[in-house]
Amino acid sequence: MRRFGYLFFLILVVFSCKQEEIIQPRPNILFAIADDASWKHFGAYGCNWVNTPAFDRVAEQGILFTHAYTPNAKCAPSRSCILTGRNSWQLEEAANHFPYFPAKFKTYAEVLGENGYWVGSVAKGWAPGNPGKINGKKRELTGPKFDKFKTTPPAKHISNIDYARNFEDFLEKRPEGEPFCFWYGSTEPHRAYEFEAGIKYGGKTIDEVEEIPPFWPDADTIRKDMLDYAFEIEYFDSHLQRMLQKLEEIGELDNTIVIVTADNGMPFPRIKGQVYEYSNHLPLAIMWPKGIKNPGRVVDDFVNFIDFTPTYLELTGLTAEETGMQPVTGKSLTDIFYSEKDGTITEDRNFVLVGKERHDIGRPNDDGYPVRGLIKNGFLYLHNFKTDRWPLGNPETGYLNCDGSPTKTYILDTRRKKGIMGYWQLNFGKRVSEELYDINADPFCMKNLADSLEFAGLKENMFNEMKMKLTKQNDPRILGNGDVFDNYEYSGADRNFYNRYMNGEKLEPGWINMSDFDEDLMEKND
């Protein structure tokens with residue numbers, strides 16, 4: 001008995017030491033999120049026409065993830081997933097864009113602020129939408145704002161907020177001894193862009209763009225638009241570089257988890273706000289010198305945005321239940337941090353669920369465009385539930401789920417001015433109920449395999465697995481109550497836009513061009 005007691009004592013000591021190693025001292029957290037950027041457009045992934053030395057440093061000194069996904073490729077719902085550790089269809093109103101954020105869902109930033117962390121954010125936190133109030137004060141879902149310091153931006157439409165200087169201000173105000181949690185929410189490369197800024201200020205040339213997605217024409221206008229997008233990613237990265245340098249100067253970098261990603265794919269047609277590979281597949285690099293084993297690894301496990309919150313909770317010694325959070329769905333990333341392997345670390349990280357409900361308005365009665373999907377074994381399966389609706393919003397109200405841009409205008413003009421339907425159909429046309437893509441061979445999702453007899457069994461299996469997983473997550477769309485998402489009120493001033501516009505009210509949504517309105521297609525929608 002004494003031998004067993006001694007053995008139990010040793011196990012207890014080892015376990016206690018391991019726990020202490022994990023949570024003492026508690027790590028700092030720097031979360032950097034670019035606003036709309038696809039995964040391929042960072043140097044660490046082999047991109048030569050976008051220069052991202054800070055992102056590349058994080059990857060080289062930490063882990064580069066090749067399969068990181070958001071469950072919902074639009075700003076507000078994607079950020080809701082990050083902050084709660086839950087998929088968007090598990091978040092009630094917060095599944096939608098421009099929602100009223102439900103009071104029942106606490107965020108990791110709120111929780112860490114209540115448990116000894118110095119918490120703050122700069123520029124775009126959780127947005128757009130109405131976060132609600134606590135005790136009469138507006139909720140700060142990503143922490144109190146540090147936006148005081150301004151700078152002269154290098155081009156029009158780039159924010160004048162000095163992100164890095166405000167991070168320094170945040171650190172200067174931190175109470176001595178407190179770990180910190182900071183959200184760096186760049187507004188770049190969100191639209192709008194100064195046209196040809198990449199050429200004028202970035203010294204870029206259109207021949208540098210290595211690849212044009214085949215669902216767009218290869219035109220100089222589109223190449224210039226992509227260079228402007230690249231210029232804004234580089235601006236985001238330049239402030240991250242200053243933040244890393246500051247942490248190094250003050251000796252805080254070693255125990256800081258630095259996570260760098262984007263909230264959804266690039267703000268171009270058929271990508272942002274949609275559910276294709278380039279919509280949801282995002283850049284992700286994580287460094288933590290004190291905690292990550294064998295840095296410099298490239299990891300192929302599927303990582304989901306809902307995995308960040310449980311990672312923070314584990315490393316700070318907290319649980320969702322004890323802090324008042326709703327149960328999290330994601331899985332902590334510490335198994336990957338503490339492994340020394342490249343490639344696949346855990347076999348069960350082999351899929352991701354994706355989907356959407358209502359993004360921007362622009363359909364009758366503010367209806368959404370519901371989709372659910374499963375990515376697994378190199379295939380993307382999508383189920384479109386309301387194929388009578390326009391996926392990017394109605395033509396006569398400007399396809400409001402697609403930001404205005406030179407690329408959008410060019411593609412619309414291929415139909416309007418040249419009578420070419422192919423590009424318009426790929427980017428703005430209606431869709432079939434099922435889509436299946438071999439994303440290894442066809443990453444741009446050009447060839448729908450859903451009707452192929454060869455893939456009939458795979459399609460059925462993926463649908464059944466998707467349905468089973470979503471049923472376990474109590475997804476209202478799968479359980480037959482999906483209309484609840486359409487009935488949640490849109491929080492923006494453009495509420496009920498379609499009905500008001502069609503009744504003669506003069507409305508000009510600020511995120512598209514008025515030339516985007518395709519009123520000649522109006523009768524085809526009845």
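Below, each value reflects all heavy atoms present in this structure, side chains not excepted, and no hydrogens, waters or symmetry copies. Computed from a prediction, not measured in an experiment: that's the story for all the values here.
In this structure the side chain of F180 reaches within 4.5 angstrom of the side chain of F167, judged on heavy atoms. Residues I257 and L30 are not in side-chain contact: their nearest non-hydrogen atoms beyond the backbone lie 4.5 Å or more apart.
Donor-acceptor pairing under 3.5 Å is lacking for the side chains of E357 and S88. There is no side-chain donor-acceptor pair under 3.5 Å between E434 and N384. No side-chain N or O of R431 forms a donor-acceptor pair with one of Q425 less than 3.5 Å apart. T334 and S332 share a side-chain donor-acceptor pair at under 3.5 Å. Counted by atom type alone, E210 and N48 present one or more donor-acceptor pairs between their side chains at under 3.5 Å. Using a 3.5 Å distance cut-off with no hydrogens or angles, the side chains of T70 and N280 do not pair a donor with an acceptor. Neither side chain, N401 nor H97, offers a donor N or O lying under 3.5 Å from an acceptor on the other. A donor atom on one side chain and an acceptor atom on the other are found under 3.5 Å apart for N255 and W288.
Once rounded to the nearest 0.5 Å, the distance linking CG of N51 with CZ of F42 reads 12.0 Å. Between the CG atom of L333 and the OG atom of S339 there is a distance of 12.5 Å, given to the nearest 0.5 Å. Note that OG of S38 is 8.5 Å distant from CG of N264, once rounded to the nearest 0.5 Å.
Using a 4.0 Å cut-off between a side-chain N of Lys or Arg and a carboxylate O of Asp or Glu, R57 and E248 qualify as a salt bridge. Ion pairing of D403 with K408 is absent here, as no side-chain N (NZ or NE/NH1/NH2) approaches a carboxylate O to less than 4.0 Å. A salt bridge links R79 and D263; the closest N-O separation between the charged side-chain nitrogens and carboxylate oxygens is under 4.0 Å. Classification of K173 and D169 as a salt-bridged pair holds, one side-chain N sitting under 4.0 Å from a carboxylate O. Classification of D413 and R416 as a salt-bridged pair holds, one side-chain N sitting under 4.0 Å from a carboxylate O. Taking the charged nitrogens against the carboxylate oxygens, D300 and K341 have no contact shorter than 4.0 Å, which rules out a salt bridge. At a threshold of 4.0 Å, the pair E249-R242 does not count as salt-bridged, since none of the basic side-chain nitrogens sits closer than that to a carboxylate oxygen.
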- K204 and K224: side chain to side chain contact (heavy atoms under 4.5 Å, CB included), yes or no, with the steps? CA-CA 9 Å; K204 299 179 180 295; K224 290 176 181 178; over 6 Å; no
- Verdict with supporting geometry, K246 and E172, salt bridge (charged side-chain N to carboxylate O under 4.0 Å, His left out): CA-CA 11 Å; K246 181 63 179 180; E172 290 164 1; 5.1 Å; no
- Message: What verdict does the side chain to side chain contact (heavy atoms under 4.5 Å, CB included) test give for M266 and K272, after you've listed the backbone C-alpha separation in whole Å, the side-chain angles of each residue and the deciding distance to 0.1 Å?
- Response: CA-CA 6 Å; M266 62 195 300; K272 178 182 177 181; over 6 Å; no
- Run the salt bridge (charged side-chain N to carboxylate O under 4.0 Å, His left out) check on E277 and K40 step by step: do they pass? CA-CA 11 Å; E277 167 70 354; K40 282 275 191 172; over 6 Å; no
- Message: Could you go through K331 and D307, starting from their C-alpha distance and side-chain angles, then the distance that decides it, and tell me whether this counts as salt bridge (charged side-chain N to carboxylate O under 4.0 Å, His left out)?
- Response: CA-CA 5 Å; K331 180 181 177 182; D307 297 336; over 6 Å; no
- Task: Apply side chain to side chain contact (heavy atoms under 4.5 Å, CB included) to H67 and D301, showing your working.
- Result: CA-CA 6 Å; H67 291 90; D301 293 46; over 6 Å; no
- Message: For a salt bridge (charged side-chain N to carboxylate O under 4.0 Å, His left out) check, start with the C-alpha distance between K293 and E340, then their side-chain angles and the critical distance, and finish with the verdict.
- Response: CA-CA 6 Å; K293 306 298 183 184; E340 296 193 358; over 6 Å; no
- Task: Please lay out, stage by stage, how Y498 and I361 fare under the test side chain to side chain contact (heavy atoms under 4.5 Å, CB included).
- Result: CA-CA 8 Å; Y498 181 93; I361 35 75; over 6 Å; no
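The aromatic rings of Y501 and F517 sit tilted relative to each other, their planes meeting at an angle between 30° and 60°. Aromatic ring orientation, F305 versus F308: tilted (interplanar angle from 30° to 60°). Taking the six-membered ring where tryptophan is involved, the planes of Y184 and Y163 are tilted, since the angle between them lies from 30° to 60°. By the 30° and 60° cut-offs, the orientation of the rings of F444 relative to F215 is perpendicular. Ring geometry, W424 versus Y399: the interplanar angle exceeds 60°, so the pair is classed perpendicular (tilted spans 30 to 60°). Using a 30° and 60° split on the angle between ring planes, W183 and F31 fall in the tilted class, from 30° to 60°. Using cut-offs of 30° and 60° for the angle between ring planes, the F231 and Y201 rings count as tilted.
In this structure, C75 and P128 approach most closely via the heavy-atom pair CB-CD, 4.1 Å. In plain terms, the two heavy atoms of G273 and K74 that are nearest each other are CA-CD, 4.1 Å. I292 and R297 make their closest contact through CG2-NH2, 3.9 Å (heavy atoms, listed as atom of the first residue, atom of the second, distance). For P189 against I233, the heavy-atom pair with the smallest separation is CG-CG1, 3.7 Å. Counting all heavy atoms, side chain and backbone alike, Y437 lies closest to E435 at OH-OE1, 2.5 Å. Here the shortest heavy-atom pairing between S279 and I271 reads OG-O, 2.6 Å.
A donor-acceptor pair under 3.5 Å is absent between the side-chain atoms of Q61 and the main chain of P289, judged by distance alone. Between the E396 side chain and the E519 main chain, no donor and acceptor come within less than 3.5 Å of each other. N448 places a side-chain N or O within donor-acceptor distance of the main-chain N or O of A450, the cut-off being under 3.5 Å. K150 contributes a side-chain N or O that, together with a main-chain N or O of D147, makes up a donor-acceptor pair within less than 3.5 Å.
Geometrically, R270 engages Y276 in a cation-pi contact defined by less than 6.0 Å to the ring centre and at most 45° from the axis. Because its NZ or CZ atom is both nearer than 6.0 Å to the ring centre of F149 and within 45° of the ring axis, R165 counts as a cation-pi partner of that residue. No cation-pi contact links R389 to Y369, judged by a cut-off of 6.0 Å to the six-membered ring centre and 45° from its axis. With a 6.0 Å cutoff to the six-membered ring centre and a 45° limit on the axis angle, R191 counts as a cation-pi contact of F268.
Counting non-hydrogen atoms of other residues, nucleotides and ligands closer than 6.0 Å to CD of E508 gives a total of 12 or fewer. The number of heavy atoms from other shown groups lying within 6.0 Å of NZ (K447) does not exceed 12.
Taking the six-membered ring wherever Trp is involved, the centroid distance between the rings of Y423 and W216 does not fall below 6.0 Å. Taking the centre of each ring, W126 and F101 come in below the 6.0 Å mark. Checked against the 6.0 Å centroid threshold, H157 and Y193 do not count as a close aromatic pair.
When the side-chain hydrogen bond (donor to acceptor under 3.5 Å, both in side chains) test is applied to T309, no partner is found at least two apart in sequence or on another chain. Every ring-ring contact (aromatic ring centres under 6.0 Å, His included) that Y490 has, sequence neighbours left out, goes to F98.
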